Enquirer: 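Before anything else, here's the structure in question.
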Amino acid sequence: MKGEVTLTDEQLNEYVEPMPGRPTADLDRIDSAVKQVLEEYPEYDTAIDGALAEEIHRGLDITRRTAGDPGLWHWLAVVRYPDLVRHRWEYRSEEAMREKFLGAGSDLYSNAIHRLWWIAELTSRGDDYSTTDAVFANQTMVNKVFDRWFARYQPAVRAMCDELADEPSRVIDETTRRFNHALTNVQLEGLSENEAREMIRQIVAESQ
């Protein structure tokens, strides 16, 4: 996780397995985007996320089921793009860095590349990535929305991102916290986007 170690293909092959469903990807596209980011952005710049999310989402032709396989994200972070992970995330502890390389699965926010794909998946509308761009331009939004329990339910995520787009960090923090708490009494998957939006608007009004 820290320092320089070069692993050979023979060392890695023991841990690499074919993925079911034969997913495809335009890795040349992602390679180019990653190379550009490494050249143009300073280390640990949070703007790297926004610069890469759309390219990673467009470059990986995968279903959400496939995206739920941690092995895909481990391979991308550990084998294909370890330099990107280290460039984006400062080493603060082995536990924190291990999460950026070896997180994924149920935790949307952990793996460095997994989080970019999922946030783009949940916020894009067809070829329109304007909401994705707006979210990554606001780190408070990224942290408070996508590190919450409701973050994988797209109708709630879209409503939350729309309603909090112009709000200050204090309101974003309060609204996401209170909405998350309200879901202890409301079945999240039973909410339509409009119903979620109405709940969020009410909380925003009370939080301002």
Side-chain angles (χ1 to χ4, degrees), residues 23 45-70 72-73 88-89 96 99-100 103-208:
D45 188 344
T46 57
I48 291 172
D49 294 343
L52 279 179
E54 179 179 341
E55 293 302 313
I56 288 175
H57 188 250
R58 288 185 184 275
L60 296 176
D61 183 18
I62 57 176
T63 65
R64 291 185 181 183
R65 178 183 293 275
T66 299
D69 185 338
L72 168 64
W73 308 105
R88 168 61 180 87
W89 296 96
E99 188 176 70
K100 296 308 173 193
S106 60
D107 184 353
L108 185 150
Y109 200 73
S110 56
N111 180 282
I113 300 170
H114 172 266
R115 62 193 287 277
L116 301 183
W117 188 91
W118 268 107
I119 292 175
E121 169 72 6
L122 293 168
T123 57
S124 60
R125 293 172 167 89
D127 288 333
D128 181 1
Y129 285 82
S130 58
T131 302
T132 307
D133 294 338
V135 165
F136 278 115
N138 185 335
Q139 279 299 304
T140 301
M141 185 85 83
V142 175
N143 296 338
K144 298 302 180 182
V145 173
F146 294 94
D147 202 19
R148 299 286 191 186
W149 177 74
F150 62 81
R152 283 181 185 261
Y153 186 59
Q154 190 169 41
V157 166
R158 285 180 170 177
M160 186 68 76
C161 292
D162 289 345
E163 296 302 319
L164 293 179
D166 298 320
E167 298 296 337
S169 296
R170 179 186 60 78
V171 174
I172 294 172
D173 186 16
E174 180 69 6
T175 300
T176 53
R177 186 186 64 78
R178 290 182 58 182
F179 182 72
N180 205 52
H181 180 72
L183 295 176
T184 58
N185 297 313
V186 176
Q187 185 179 10
L188 177 63
E189 293 79 6
L191 288 177
S192 67
E193 184 170 329
N194 285 337
E195 291 169 335
R197 190 180 302 278
E198 187 56 38
M199 285 181 63
I200 293 163
R201 282 177 176 169
Q202 183 175 343
I203 296 172
V204 169
E206 294 169 356
S207 302
Q208 289 173 330

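Source: prediction; values computed, not measured. Counting from 1, the numbers follow the sequence of the chain as shown.
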Enquirer: Taking atom types as modelled and ignoring hydrogens, do the side chains of Asn194 and Ser192 form a donor-acceptor contact shorter than 3.5 angstrom?
Expert: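 No, because no side-chain N or O of Asn194 sits under 3.5 Å from a partner of the opposite role on Ser192.
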Enquirer: How would you list, by chain and number, every residue that makes a side chain to side chain contact (heavy atoms under 4.5 Å, CB included) with Ala67, sequence neighbours excluded?
Expert: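 For Ala67 the side chain to side chain contact (heavy atoms under 4.5 Å, CB included) partners, ignoring immediate neighbours, are Ile62, Trp73, Trp117, Trp118.
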Enquirer: State which residue, out of Arg64, Arg115, Arg152, Arg58, fulfils the salt bridge (Lys or Arg N to Asp or Glu O under 4.0 Å) condition with Glu121.
Expert: Arg64
Enquirer: Is there side-chain contact between Val135 and Val145, with heavy atoms separated by less than 4.5 Å?
Expert: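 Counting from C-beta outward, Val135 and Val145 never come under 4.5 Å.
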Enquirer: Measuring from Asp133:CG to Asn138:CG, what's the distance to the nearest 0.5 Å?
Expert: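 One gets 13.0 Å once the value is rounded to the nearest 0.5 Å.
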Enquirer: Suppose the criterion is side-chain hydrogen bond (donor to acceptor under 3.5 Å, both in side chains): which pairs have a residue in residues 167-177, not counting sequence neighbours?
Expert: Thr140-Ser169, Arg148-Thr176, Glu167-Gln208, Glu174-Arg177
Enquirer: Keeping the roles fixed (side chain from Glu54, backbone from Asp127), state whether a donor-acceptor pair exists under 3.5 Å.
Expert: no
Enquirer: May I have all residue pairs that pass ring pair (Phe, Tyr, Trp, His ring centres under 6.0 Å) and include part of residues 159-185, sequence neighbours excluded?
Expert: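 As it turns out, the ring pair (Phe, Tyr, Trp, His ring centres under 6.0 Å) pairs with a partner in residues 159-185, which skip direct neighbours, are Phe150-Phe179.
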Enquirer: Do any pairs count as a salt bridge (Lys or Arg N to Asp or Glu O under 4.0 Å) and have a residue in residues 199-208, sequence neighbours left out, and if so which ones?
Expert: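 Every salt bridge (Lys or Arg N to Asp or Glu O under 4.0 Å) pair that includes a residue of residues 199-208, provided the two are not neighbours, is Glu163-Arg201, Arg178-Glu206.
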Enquirer: Taking the side chain from Asn143 and the backbone from Gln139, do they hold a donor-acceptor pair closer than 3.5 Å?
Expert: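 Checked: pair present.
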Enquirer: By ring-ring contact (aromatic ring centres under 6.0 Å, His included), which residues pair with Phe146, not counting sequence neighbours?
Expert: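 Not a single residue meets the ring-ring contact (aromatic ring centres under 6.0 Å, His included) criterion with Phe146.
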Enquirer: Does one side chain, of Thr131 or Arg125, offer a donor that lies under 3.5 Å from an acceptor on the other?
Expert: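 Yes.
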Enquirer: Would you please name every residue forming a side chain to side chain contact (heavy atoms under 4.5 Å, CB included) with Thr63, sequence neighbours left out?
Expert: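 Once residues adjacent in sequence are excluded, the partners of Thr63 under the side chain to side chain contact (heavy atoms under 4.5 Å, CB included) criterion are Arg65, Thr66.
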Enquirer: Keeping the roles fixed (side chain from Arg197, backbone from Arg158), state whether a donor-acceptor pair exists under 3.5 Å.
Expert: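 Absent.
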Enquirer: Of Ile48, Ile113, Asp45, which meets side chain to side chain contact (heavy atoms under 4.5 Å, CB included) against Arg88?
Expert: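 Passing option: Ile48.
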